[in-house]
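Chain letters run A, B, ... following the sequence lines, proteins first and then strands; every chain starts at 1. Quick caveat: nothing in here was measured; it's all calculated off a predicted structure.
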Amino acid sequence: MSDTSVQTSPKPVPVGVTADGPRPDGAKPKSRKGPARRVIETLASLKLTVTLLALSVVLVFCGTLAQLDHGIWAVVNSYFRSFFVWIPVLIFFPRTYHIWPAIGFPFPGGWAIGSLLLVNLIAAHAIRFKISWKRTGILFIHAGLIVLMMGELITGMFAIEGNMAIATGQSANYVEENEYMELAVATQVDADHDEVTSVPAARLRRGGLIRDEHLPFDVQVVKYMPNSSGFARPSVGADPATAGLGLEVAAVEQPEGVGVDPDQHFDMPSAYLDLKKKGTNESLGVYLVTALRQDPQTLASDGVKYEISMRPRRDYKDYTLHLEQFTHTVYPGTDVPKEFKSRILLVDPKHNEDREVLIYMNEPLRYHGETFYQAGTLPDDTGTVLQVVHNPGSWLPYIACTMVIFGLAVHFGMNLVAFLRRRVLA
Amino acid sequence: MNRYGQYVLPLVVAVAAIGYIAAAMTPADDVVNGMNLGEFGRLPITDRGRVKPIDSMARTDLTLISGKQTFYDEEGKEHAAVEWLLDVLTSGPKFKNSAALEHRVFRIENLQVLSLLDLKPRPGSYRYSIDEMQGKFKELEAADHRARAKKDSERDLFDQKVMELGDHLQLHIKLASMDWPLLLDPAHPNDPQPLNEVIVEWATEAHAQQEKGAAVADLAATAPPFLKLLSAYQNKDAPNFNKETAAYQQQLATALPAKTNKSSFEAGFNDFAPFYQCALLYVCVFVLTCFSWVGYSRPLNLSALVLTGVTLIVHTGALIARMYMMDRWGVFITNLYGTAIYIGWMAVLIGFFVELIYRNGIGTFVASVAGFATMIIAQYLAMGEDTMEMMRAVLDTNFWLATHVTSVNTGYAGTAFAGILGGVFVAWGAFTPWQTKSGVKMLGDILYGVLCFATLFSFTGTVLGGIWADQSWGRFWGWDPKENGALLIVVWNALILHARWGGMVKQRGMAVLALMGNIIVIWSWWGVNMLGVGLHAYGNVDPSMLTAVKCAVAVHLVFIAIGLTPRSLWLSYDAQQAMPLPPSTPNGRPRGRGRTDIRPEPA
């Protein structure tokens, strides 16, 4: 900047005022700036910072209100992990007002605001700040914020959360990812192994005919419900089921779960599927598969037995967790939980691991990139539910916040010292 | 006034305040018919999952039913909660004490519920006895049954109030049948037993002994001490009641000294009611500060400062006492009630330091407003709740409670302080002719400092919350409503600071933005809980609180609107014109070789 600014006939600088200070006549120095320079300056401006911060306040507020209508993950994906979001006006009013849901306005999403803030920050440091001791705090704050945003980005892209439910005395070697349901078609290969072909629920959601070489039959989606509840089937079924579970129970569509729901249930999808003999139009029956009843249904096609079910995607591990004991204690005379504790035997032949671990609230087990947290209980305390998280970016927030907190303390501390010194001098 | 004259009034105020506190701390003799109920109230029992004095249980239960910690008899005489509890405990089939049925303690304000029960509105009290309701229990039961069969969303106010009354009667029945309290068993301190079971156990054993020919008088001597107490109470046998109380107290003190001491301490704490005393003292600070602006400034100002200091000591002591009673050192906050008393304390602390620096009444003014308001909120939240309830498993960790929760609430307190300061700025400028340029600058400096403080703590607290979440269920950030609320405060404070550094706002702009920041604090502190129940919704909020929150937001919006009116309409306009800015003060964005200096404006 200094190399391009031209100052016309500066007045003599009074004694005690540096040449860097404001010009005594109060006029702006004229300058010739290239368009690129002007763009960078706009990108680096504090006005842009304030605008973006204001936009993010609005976004976060709306993203909170929207959780009354939609599941927390739906909101996170549409509001915070997106570039644009359509915000319906009805979120601002009591839901009893019946405002037409289509009325709304477009708004920049979390990724748009976040990346602009990042650009703004980097541009500001590139052209405005000189590196000096006085700026140490600010540098740390801003660098830490960048790391924090990166951490959120990595988490958003790569983190996987799942559940492992183990009944007392039983073992489990797979993690269920409840967010991702799938249609599993299993055939027995030998006494110990099944071969499983799975169709993600997202594919079922798109509907139509699903033909795949791995599937033993073709699947025609009759009806897919992202969330549902079940009940005993009325004698005359209004549903299309002609075989299997669907003859006993019926599923009805429910709105997708909402974020402020007291007990954060996952959506329970169901589907009516017309299974057809491969390559033909011959129906094997219309089956109901539902996450509400995950025990498999058997059917035969060309003399081979298959088991079908709607269940969470499973991620099989090399190791096995065996639940030895599960304790759930309450405070005397109440039903307020005092403690949940799982005593687990961890067996990993591959890494020659065979040890006992204790998992309880705020004390997770970390093992081979996965972390197992005490999350809940099976009905009647018959077993434990562990939350299993794999997040390659989980350590970034720790570094980020150390940097920011240090930066804030240094920056405000220096301001405070300077202020107090001035007070004392005055 | 001579040099030392100005210290006379502050000294008098300090001595008076300390004297008042000492008087309030002295335990009052609560003796009824010669029976020492105060001593009885200190006995430790287990209730709602923790060991506490029976006095605490009586207060909580009575407040739940009647909205007050004491009750009045028909002659208008005030009685302690333990007396009510003793009457209820002896009202069952064993003793048939009818007094409990006559106490007017059930608060019923809903006119529809009153007409269902065929009762006349009783303005000023709205409290009724069981005897008065008895004739209509069938109708009440039917209405209660209908209300409970409905879904949450379909219940109207009448249904809710009927269910509420139903719950209160249920509580009364539980007490009358001695399901509560749970008595401490010195042999099994962690397995308390309901009073009725203790009695039945003894009675069965005594019956068996009697069959074997034991003398009745000998068996009576082996009765559980609590039963002997109740029977002495029922017989109005004061010497025996006092003797049994002392003996039981002694027995527990020998077997479980720590629990008994703590329980006794808590009863004294209840009696002293420190947060109530603080509320009163904050009013005095407010009055002293206001008068200091009218005249006799130095002594009154200093008195307000001294009184703030004394009150702060009481407030601090009460917070530490709670840590001792909950056995959670370093943990200020375990529930919504805790946030109120802590935020108040922190705001007062900030105000105290501001006042130490500026000595012009601004600090004590904001401190007294924040202190009083939060004490009122706390009083309201304590209604029918155990203010030291046990923590659910996931929250039961002293480390995170002490760091994350304390830090976030310090951020709230700072932001709220700045918000009130914003209100002071607007009111002072718009409604008085005395806000000078230097006054504007001074308020701007305080606002800036407090906002920096608030940013530091709200950021730290929010991030610590993320780390806690990562430690306990592997998710650093979940975009949960409460997390978002905390994030909003951080971002808003950052916005104010950046707007100031960029010269987009000056003092007035900061004041208006800080007022908006207060709305965000109200949203995060209260509004979020009203959205529904979630991980962080550690307190349920009822409709009257919703109204209060709406009013608070409306008041802030009015202040913001006034703050945005042209300065020429403000009464202080002339005062400020009279003293123009010195030309060297940079107004707006400082310039120099194309770099924007983001240093705060030099003083």
> In terms of heavy-atom contacts, does CH2 of B:Trp180 have more than 12 from other residues, nucleotides or ligands at under 6.0 Å?
Replying inline: no
> So which part of B:Tyr358 gets closer than 4.5 Å to some heavy atom of chain A, the side chain, the backbone, both or neither?
Replying inline: both
>> Between A:Glu339, A:Glu152, A:Gln374, A:Glu363, who has the most heavy-atom pairs with chain B when the cutoff is under 4.5 Å?
In response: A:Glu152
>> B:Met390: which residues meet the side chain to side chain contact (heavy atoms under 4.5 Å, CB included) condition with it, sequence neighbours left out?
In response: A:Tyr331, B:Arg50
>> Pair B:Phe459, A:Leu408 - check side chain to side chain contact (heavy atoms under 4.5 Å, CB included), show working.
In response: CA-CA 9 Å; B:Phe459 179 85; A:Leu408 285 169; 3.9 Å; yes
> With a 4.5 angstrom heavy-atom cut-off, which part of B:Leu487 approaches chain A: side chain, backbone, both or neither?
Replying inline: side chain
> By a 4.5 Å heavy-atom criterion (distance strictly below it), what part of A:Leu386 contacts chain B: side chain, backbone, both, or neither?
Replying inline: neither
> Does atom CZ of B:Phe353 have more than 12 heavy-atom neighbours, drawn from other residues, nucleotides or ligands, at distances under 6.0 Å?
Replying inline: no
>> Are more than 12 heavy atoms, taken from residues, nucleotides or ligands other than A:Phe140, located less than 6.0 Å from that residue's CZ atom?
In response: no
> Where does the angle between the aromatic ring planes of A:His411 and B:Trp501 fall among parallel (under 30°), tilted (30 to 60°) and perpendicular (over 60°)?
Replying inline: perpendicular
>> If I compare all heavy atoms of B:Ile357 with all of A:Arg423, which pair ends up nearest, and what's the gap?
In response: O-NH2, 3.0 Å
> Which atom names give the shortest non-hydrogen contact between B:Ala494 and A:Leu53, and what distance separates them?
Replying inline: C-CD1, 3.8 Å
> How many angstroms lie between atom CZ of A:Phe61 and atom OG of B:Ser524, to the nearest 0.5 angstrom?
Replying inline: 10.0 Å
>> What residues of residues 387-395 of chain A make heavy-atom contacts with chain B at a cutoff under 4.5 angstrom?
In response: A:Gln387, A:Val389, A:Ser394
>> Looking at chain B, which one of A:Leu52, A:Val75, A:Val57 has the largest number of heavy-atom pairs inside 4.5 Å, strictly under?
In response: A:Val57
>> Taking side chain as everything from C-beta outward and backbone as N, CA, C, O, which of these in A:Leu416 sits under 4.5 Å from a heavy atom of chain B? Side chain, backbone, both or neither.
In response: neither
>> Given heavy-atom pairs under 4.5 angstrom as the criterion, report whether the side chain, backbone, both or neither of A:Phe372 touches chain B.
In response: neither
> Are there more than 12 heavy atoms of other residues, nucleotides or ligands under 6.0 Å from atom OH of A:Tyr360?
Replying inline: no
> Does A:Gln67 use its side chain to pair, donor to acceptor, with the backbone of B:Trp479 at less than 3.5 Å?
Replying inline: yes
> What pair of heavy atoms forms the shortest contact from B:Leu495 to A:Ala54, and how long is it?
Replying inline: CD1-N, 3.3 Å
> For the atom pair OG1 (A:Thr64) and NZ (B:Lys482), what is the distance rounded to the nearest 0.5 Å?
Replying inline: 11.5 Å
>> B:Leu451 vs A:Phe412, test: side chain to side chain contact (heavy atoms under 4.5 Å, CB included). Steps then yes/no.
In response: CA-CA 10 Å; B:Leu451 282 171; A:Phe412 295 148; over 6 Å; no
>> So which residue, B:Ile496, B:Leu488, B:Asp179, B:Ile520, ends up with the most heavy-atom pairs under 4.5 Å with chain A?
In response: B:Leu488
> Which bit of A:Ile359 comes within less than 4.5 Å of chain B, counting heavy atoms only: side chain, backbone, both or neither?
Replying inline: neither
> Looking at B:Asp47, B:Asn484, B:Asn190, which makes the most heavy-atom pairs under 4.5 Å with chain A?
Replying inline: B:Asn484
> How long is the span from the OG1 atom in A:Thr402 to the CD1 atom in B:Ile467, to the nearest 0.5 Å?
Replying inline: 6.5 Å
>> Please give me the minimum heavy-atom distance between A:Ile405 and B:Thr460, naming the atom from each residue.
In response: CD1-CG2, 3.5 Å
> Closest heavy-atom contact between B:Val463 and A:Cys401?
Replying inline: CG1-CB, 2.8 Å
> Checking heavy atoms, do the side chain of B:Leu182, its backbone, both or neither come under 4.5 Å from chain A?
Replying inline: side chain
>> Could you report the tightest heavy-atom contact between B:Leu456 and A:Ala409, atom names first, then the distance?
In response: CD1-N, 4.0 Å
> Roughly how far, to the nearest 0.5 Å, is the CG atom of A:Leu48 from the NE2 atom of B:His498?
Replying inline: 11.5 Å
